[in-house]
Amino acid sequence: MENNLIAITTLCTHYEIEFSFIDALQKTGLIQIVIIEQNQFIHEDKISDLEKMIRLHNELNVNIEGIDVVFNLLEKEKALREELNILKNRLRIYENDSL
Amino acid sequence: MAFIDYYKILGITKSASDKDIKSAYRKLARKYHPDLNPDNKEAELRFKEINEANEVLSDPENRKKYDKYGKDWKHGGEYEKAQQQQSRQQSHYQSSQRGQQEFYENDYSDFFESMFGGQGRSSNQGHFQKFKGQDYHSELHLDLKEVYTSNAKILTINNKNIRLTIPAGVENGQIIKISGKGGKGLNGGPNGDLYITFVIGNQTQFKRDGKNLYSDIDLDLYTSLLGGEITVDTFDGKVKLKIAPETLNGTKVKLKGKGFPVYKKEGEFGDLIFTYHIKIPTNLSEKEKELFKELQKIR
């Protein structure tokens, strides 16, 4: 499992961010930190989310609460887009009714 | 490349203060940032323009040059020198003109590309922010038959071959993201992502709704009345179906597990639903008419 984990210290160095930022994200429930033998890690699947949070924070000055709101709304938007796609495909059944 | 009015892009006037520029940039960036507008190419383009405008106007030196030279702001100093040289040295007219030509051709586009096209420029543009590389968007056209099973494809995106395994059951309009396969990041920023939208055509007799497949079957009157057995096509071969006596028009029959594979759930399939359409015989012979009349009397 440790193969899929990335140490927070590595992430802080790579993205030039303070640990306090990651800690705040964790406290808000935006990311999950895995602790193994007193070392803290983030799962590699969540790195793209973390990158997005860093960009929102650095490029748009969005604070932690704002990031939380943005992520919730993006989740809703994604669900709606998926639903729209399903409905469009269902509509296609009737539009292309050649049988 | 056409002249771009950076002031207009940021919605400010030429007399805007640094604070106004920053404020206008932040407001527009919050509106068009790609993270807030996933899969929105128009927003992505606007965001690039906004960034370009901000990079130029937020730097007092660049802004001064831009105000003075407009589209040739980056080469303003050289442009002046070239013009002076041109008037002083008529004998070098040709070479001077060639230089000038280059200035005109080299307008904003290279600056634009330096930020988002991957070739980061480190010369005299000052300190740039780290930027994620450009996200690439691509469409992959497949037929329904091709997505019934998982298959490997090699896509060529910007002259790079990308090996991709397309899982069975992918939906029409579904977008998959391949992280880091977009444009190169700028100034050490992360690479962009590649987004592939699947466009799935359907040349088969089946209609698809998610994991379920639908098809109509024409049934002759006698088989529908008396029952029988027919052979029908499914996606993975032929299947024999028993028709119950007195089957009504519009009756649906569900074949469990004979539908479409469920995306990323190996071995899981939807159902295949057949709808019977009873065909009434036409061009009846005299004898048939008589027999039907007899049947009518019995009823």
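So that the names make sense, note that chain A is the first sequence line, chain B the second, and so on, each numbered from 1.
Counting heavy atoms from C-beta on, the side chains of B:Pro38 and A:Lys78 never come closer than 4.5 Å. Residues B:Pro34 and A:Arg55 form no side-chain contact, since every pair of their non-hydrogen atoms from C-beta on lies 4.5 Å or further apart. For the pair B:Ile175 and A:Asn85, the minimum side-chain heavy-atom distance is 4.5 Å or more.
Using a 4.5 Å heavy-atom cut-off against chain A, no residue of residues 248-263 of chain B qualifies as contacting.
How far NZ of A:Lys52 is from CG of B:Asp35: 5.5 Å, rounded to the nearest 0.5 Å. Atoms CZ and CD1, on A:Arg92 and B:Ile200 in that order, are 8.0 Å from each other to the nearest 0.5 Å. Note that CD of A:Glu51 and OG of B:Ser179 are 8.0 Å apart. Values are rounded to the nearest 0.5 Å. Distance CG/A:Leu60 to CZ/B:Arg30: 7.0 Å, rounded to 0.5 Å.
By the 6.0 Å contact criterion, CD on A:Gln32 is open, its count of non-hydrogen atoms from other residues, nucleotides or ligands being 12 or less. The neighbour count for B:Lys181 NZ, taken as heavy atoms of other residues, nucleotides or ligands under 6.0 Å away, does not exceed 12. At most 12 heavy atoms of other shown residues, nucleotides or ligands fall within 6.0 angstrom of atom NZ in B:Lys211.
Between A:Ile93 and B:Arg208, the shortest heavy-atom distance links the atoms CD1-O, 3.3 Å. Here the closest heavy-atom approach between residue A:Glu59 and residue B:Arg26 is recorded as O-NH1, 3.2 Å.
Using modelled atom types, no side-chain atom of B:Asn172 and backbone atom of A:Asn89 make a donor-acceptor pair closer than 3.5 Å.
For a residue to count as touching a neighbouring chain, one of its non-hydrogen atoms must lie under 4.5 Å from one of that chain's; by this rule A:Leu74 touches chain B with the side chain only. Heavy-atom distances place no part of A:Glu82 under 4.5 Å from chain B, backbone and side chain included.
Here A:Asn61 is the residue among A:Ile86, A:Val70, A:Val62, A:Asn61 with the most heavy-atom pairs under 4.5 Å with chain B.
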